[in-house]
Amino acid sequence: MEQWGYVRVSVDRETQAAGWEEQIATLKALGVSHENLNMEEASTRGTRPVFEDMLAKANREATPERRICISAAKMDRAFRDLAAADAAISNPTNPNVIWLLPDLSSNPLDPKDPTQMLLVRMMGAVAQFERDRLAERRAYGIAKAKREGKYKGRKPTARAKTPEVLKLKERGFRPDEIAKQLEIGRASVFRILRDHKKTQGTVRS
């Protein structure tokens with residue numbers, strides 16, 4: 001069975017470095033090679049091109065002789081909620097593509113096993129309940145801090161340093177030098193420069 005992996009953070013890998021590295025370590029421990037890791041910085045509420053491309057490729061290539069197991073460190077890294085996970089696992093486009101979600105089960109999920117699927121749904125429901133409660137407490141804490149004038153918002157991410165990145169680029173600094181000076185990742189620098197180039201092209205046209 002071929003092992004593929006999916007790694008995702010909602011903001012970016014610099015801001016959520018610990019979670020990013022933890023997911024990679026978990027998947028490698030499950031037997032996923034670095035070449036088969038599909039990594040993305042995106043929210044499940046928006047488009048996820050890496051996830052969609054990975055799933056489409058797996059559905060095209062998986063056969064009874066070449067089954068593909070896609071692993072994610074946690075259910076919420078791959079799926080928006082329990083309903084989305086249940087649909088993907090229970091009614092796969094290609095039955096030779098299966099999922100392994102170690103926070104729900106230590107074994108690949110078999111939709112034909114009613115006992116396993118019942119356990120997965122129960123554990124998934126509990127996990128989702130805990131996330132919903134955490135989100136509720138977070139929202140309450142933010143609202144309370146706002147009322148008391150103590151809320152300062154999320155710390156700036158790499159994108160917040162876009163003006164500094166562009167200024168250093170104009171002065172002739174290389175991406176590696178910019179990343180080191182601003183204490184952000186090279187990937188973030190390249191992403192900011194790429195997005196700026198696209199914006200400039202749109203303005204000109």
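Residue numbers run from 1 in the order of the sequence given.
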| field | Value rounded to 0.5 Å, distance of OG1 in Thr63 from CD in Glu61 | value | 10.0 Å
| query | Which pairs with one or both residues in residues 17-60 pass ring pair (Phe, Tyr, Trp, His ring centres under 6.0 Å), sequence neighbours excluded? | reply | Tyr6-Phe51
| message | Measuring from atom CG of Leu109 to atom CE of Met75, what distance do you get when rounded to the nearest 0.5 angstrom? | response | 11.0 Å
| query | Below 4.0 angstrom, N of the basic side chain to O of the carboxylate: do Arg133 and Glu136 qualify? | reply | yes
| Contact list for residues 92-105, test side-chain hydrogen bond (donor to acceptor under 3.5 Å, both in side chains), sequence neighbours left out | Asn94-Asn96
| query | At their closest point, which heavy atom of Pro102 faces which heavy atom of Ala72, and how far apart are they? | reply | CD-O, 3.0 Å
| task | Would you name the heavy atoms of Ala42 and Arg48 that are closest together and state the gap between them? | result | CB-CG, 4.0 Å
| Heavy-atom side-chain proximity of Val9 to Glu40 below 4.5 angstrom | no
| query | Less than 4.5 Å apart, any side-chain heavy atom of Gln23 and any of Arg77? | reply | yes
| request: Work out which heavy atom in Cys69 is nearest to a heavy atom in Leu100; give both atom names and the distance. | output: SG-CB, 3.7 Å
| Closest non-hydrogen atom pair, Ile98 against Pro108 | CD1-CB, 3.6 Å
| Close side-chain approach of Thr162 to His196, heavy-atom, < 4.5 Å | no
| Hey, does Gln3 have a side-chain heavy atom less than 4.5 Å from the side chain of Ser71? | yes
| note | Rounded to the nearest 0.5 angstrom, the CG-NZ distance for Leu193 and Lys197 is 10.0 Å
| task | Decide whether Ile184 and Leu166 are clustered together by the hydrophobic rule: side chain heavy atoms of Ile, Leu, Val, Met, Phe, Trp, Tyr closer than 4.5 Å, transitively. | result | yes
| task | Report yes if the side chains of Lys169 and Phe173 come closer than 4.5 Å at any heavy-atom pair, otherwise no. | result | no
| Are any of the side-chain heavy atoms of Leu101 and Lys74 separated by less than 4.5 Å? | no
| message | Restricting to non-hydrogen atoms, name the atom on Ile70 and the atom on Val97 that form the minimum distance, rounded to 0.1 Å. | response | CD1-CG1, 3.8 Å
| request: Kindly determine whether Glu177 and Arg174 satisfy salt bridge (Lys or Arg N to Asp or Glu O under 4.0 Å), including the steps that lead there. | output: CA-CA 5 Å; Glu177 296 171 331; Arg174 296 193 304 273; 3.4 Å; yes
| message | Please determine whether side-chain contact (heavy atoms from CB on, under 4.5 Å) holds for the pair Arg8 and Val50, giving the CA-CA distance in whole Å, both sets of side-chain angles, and the decisive distance to 0.1 Å. | response | CA-CA 10 Å; Arg8 182 187 67 81; Val50 172; over 6 Å; no
| Could Arg66 and Glu2 be called an ion pair, given the rule that one side-chain N must be under 4.0 Å from one carboxylate O? | yes
| query | Atom NZ in Lys161, atom NZ in Lys167: separation rounded to 0.5 Å? | reply | 14.0 Å
Quiz: residues 52-59 side-chain donor-acceptor pairs under 3.5 angstrom, not counting sequence neighbours:
unit_1: Asn59; atom_1: ND2; unit_2: Leu55; atom_2: O; d: 3.2

| said: Quick one: does any side-chain atom of Ser90 pair with a main-chain N or O of Asp86 as donor and acceptor, under 3.5 Å? | reply: yes
| request: First locate atom NZ of Lys180, then atom CD1 of Ile178, and finally report the distance between them rounded to the nearest 0.5 Å. | output: 14.0 Å
| query | Looking at Val7 and Leu37, what are the two nearest heavy atoms and their distance? | reply | CG2-CD2, 4.3 Å
| query | Which distance, rounded to the nearest 0.5 Å, do you find between the NZ of Lys28 and the CG of Asn36? | reply | 11.5 Å
